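Only this structure's heavy atoms are used, side chains among them; waters, hydrogens and symmetry mates stay out. Just so it is clear, the model here is predicted, and its values are computed rather than measured. Chain letters run A, B, ... following the sequence lines, proteins first, then strands; residues in each count from 1.
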Protein chains: 2
Amino acid sequence: MADKIKVALNGYGTIGKRVADAVMRQDDMTLVGIAKTKPDYEAYVASHKGYPIYAVDPAKAGPKFKAAGIEIAGSNLDMIKKADIVVDCAPEGIGEENKKIYEQLGKPAIFQGGEEHEVAGTSFNAAANYGEAIGKKFVRVVSCNTTGLCRLIYAIDKAFGVQKARVVLVRRGGDPNDAKRGPLNGIVPDPIQLPSHHGPDVQTVLPHINIETAAMKVPTTLMHMHFVNMSLKKRPSREEVLDVLRQWPRLWLIPSWYNIKFTGDAIEFGRELGRSRNDIMENAIWEESVTVDKEGEFNAFQAIHQESDVIPENIDCIRAMTGIEKDGMKSMAKTNKALGIGNFNPWKLAPP
Amino acid sequence: MADKIKVALNGYGTIGKRVADAVMRQDDMTLVGIAKTKPDYEAYVASHKGYPIYAVDPAKAGPKFKAAGIEIAGSNLDMIKKADIVVDCAPEGIGEENKKIYEQLGKPAIFQGGEEHEVAGTSFNAAANYGEAIGKKFVRVVSCNTTGLCRLIYAIDKAFGVQKARVVLVRRGGDPNDAKRGPLNGIVPDPIQLPSHHGPDVQTVLPHINIETAAMKVPTTLMHMHFVNMSLKKRPSREEVLDVLRQWPRLWLIPSWYNIKFTGDAIEFGRELGRSRNDIMENAIWEESVTVDKEGEFNAFQAIHQESDVIPENIDCIRAMTGIEKDGMKSMAKTNKALGIGNFNPWKLAPP
């Protein structure tokens, strides 16, 4: 094997901290370090994990890190210079500003779904378009919802052809550690004017898919929920549909006897499994809800863990962009194994 | 005009108390009284409104009412004997038991949507099938969600023909005065197995409508939200669709400049209007969300106030069953006027 890919994490919030941990679990990657703007409990844990910590603005943040007892390895520019590739996990919109830095330093970079497609020019989902990222300088891993939709729609489209997808997304109002978002009581059609951005966003990865999406926000922190309806070109039986879904480890069919009644149970299952941060990186599709109706339309409920489903996609995107693995299926299998995706045997996954 | 219709309210919870108030606002009806099983704050207010209060089981409840200082006019059986018609607003499933009483006493009765269609044999929505209730002994006013769907689907079907309706319902977990329901955090696909009961329930009123429904419960108390997609037989323009919706006062098109961003705003609007209990009895349809897509499919968001949208339907159902008004459109217009439905001029509706 070639030298390990040196990965720098610019930004260390909800996504960044998970990508850093996931990089550490890959045998073909190393973590150069993580960059943060200020010390906080996440930096505290990162430092105790032994991750090299770089400051985004050391002149300003250096004294704060020092006061917190956290050693700084340098500036985020120092970090980026040492890396083969940067995963940008800065807050929404900041990635676009950071792009100038990556261009100046001649480093390839992955952006997250909070950035516009145009920032990278290529939008990525491992199953759907791995090959398009190979050798690219800038690629965007699409958002949690778009990732969940691409996985499912790609699998069904490949097998049966999707004539039209109609998706209603019920989004969590904020993440568990977000004190500023809402709603606290109520249902927010968001946007009121149709369609939501999710349909066009799916088309940045799967341009040929005819899709309409509507979205709402509700008072929960745990996961998003999608109700997916698709008119198909072929007329498969329900069993044929289930057989297709079973081929994809990132599509998890929840067995009915698990008695996972809602998103709260799905996250509790992640906790029972001993998964890092109780993450459910797979699309959680209720097997019982998978239906082919009398017009041959596919219907299903799937829950999407907004904090973690894009993590394996970031890992695959690193392999594609650096060219260390040109076969998307092989990269996905490697990532899945390293992260325990599709493996619901608790003790194998994470010994207690 | 003939003598006023004497209406008895058997059950005085969320729906019962509103129907009682609504009956009081009609010039062709009088309220015989309301029946409750025990004294509480709702009984306290009812007694101060001067509503005759009857006890469901006076031997057991009488002393409790006496201790509470609330005078009892007799048993619920006494009340029912005095009435021309009973509106049964007992908790879900109790209506079926109560039916025996109504049969014994030879009184026509209206049941609520918590009861099965078979309890009454006729399910009712004023716009959709007023005529079917004329002269009937037992009729069920369908539930809040089904009422909201029947109103919208009937209007669109009448104008353009509905080939297939696909509806995703995001339901409030419990009412504002319900301390026992959930979820507190999470999204519940309910039921997981498709379809939800709402589609078949719409068909009890509109048997020819091809409809599929999926439902979720979320942590809110204020209103339900529907995302309604319909394939149509004709291909109307968006303006033609809006023109149809504008013909029905119970379909309220929310103007975008109102800045009603979510269900919380819709209820706040009810409070600003000075409406009784802030009720929004109309389907609250975001005008901006009404869309005819490139396949000619109708799409829209509508919020449904679970506590109140069935109230005008109960009033119309009384008129249909007693035959005091055989023209559904006339009854609806009369009810709308009496309850201020479709009238969003605050001071005309309820002087401060």
Q. Will you find, in the side chains of N229(B) and E212(A), an N or O donor that is under 3.5 Å from an N or O acceptor?
A. no
Is the number of heavy atoms from other residues, nucleotides or ligands under 6.0 Å of [X] [atom1] greater than 12?
X	atom1	value
R246(A)	CZ	yes
E116(A)	CD	no
E240(B)	CD	yes

What closest approach, in Å, do [X] and [Y] show between heavy atoms, and which atom pair accounts for it?
X	Y	result
E295(B)	N210(A)	OE2-ND2, 2.7 Å
F227(A)	V168(B)	CD2-CG2, 3.5 Å
F301(A)	A215(B)	CZ-O, 3.4 Å

At a heavy-atom separation under 4.5 Å, does [X] approach chain A through its side chain, its backbone, both, or neither?
X	answer
E287(B)	neither
D265(B)	neither
V170(B)	both
M225(B)	both

Q. With a 4.5 Å heavy-atom cut-off, do V218(A) and M216(B) have their side chains touching?
A. no
Q: Check whether any side-chain heavy atom of N299(B) lies under 4.5 Å from a side-chain heavy atom of R166(A), and answer yes or no.
A: no
Q) Do D293(B) and K164(A) pass the salt bridge (charged side-chain N to carboxylate O under 4.0 Å, His left out) test, and can you show the C-alpha distance, the side-chain angles, and the key distance before you say yes or no? A) CA-CA 12 Å; D293(B) 73 13; K164(A) 180 171 186 173; 2.6 Å; yes
Q.
If you count heavy-atom pairs within less than 4.5 Å of chain A, which of T221(B), L184(B), N185(B) leads?
A. N185(B)
**Q.** Top contributor to chain B interface from P183(A), S289(A), A300(A), P189(A) [non-hydrogen pairs under 4.5 Å]
**A.** P189(A)
**Q.** Residue T291(A) versus chain B: region with a heavy atom under 4.5 Å
**A.** side chain
(Q) At a 4.5 Å cut-off on heavy atoms, which part of I254(A) comes close to chain B: side chain, backbone, both, or neither? (A) neither
Q.
Give the interface residues of residues 190-202 of chain B toward chain A, defined by a heavy-atom separation under 4.5 Å.
A. P191(B), I192(B), Q193(B), L194(B)
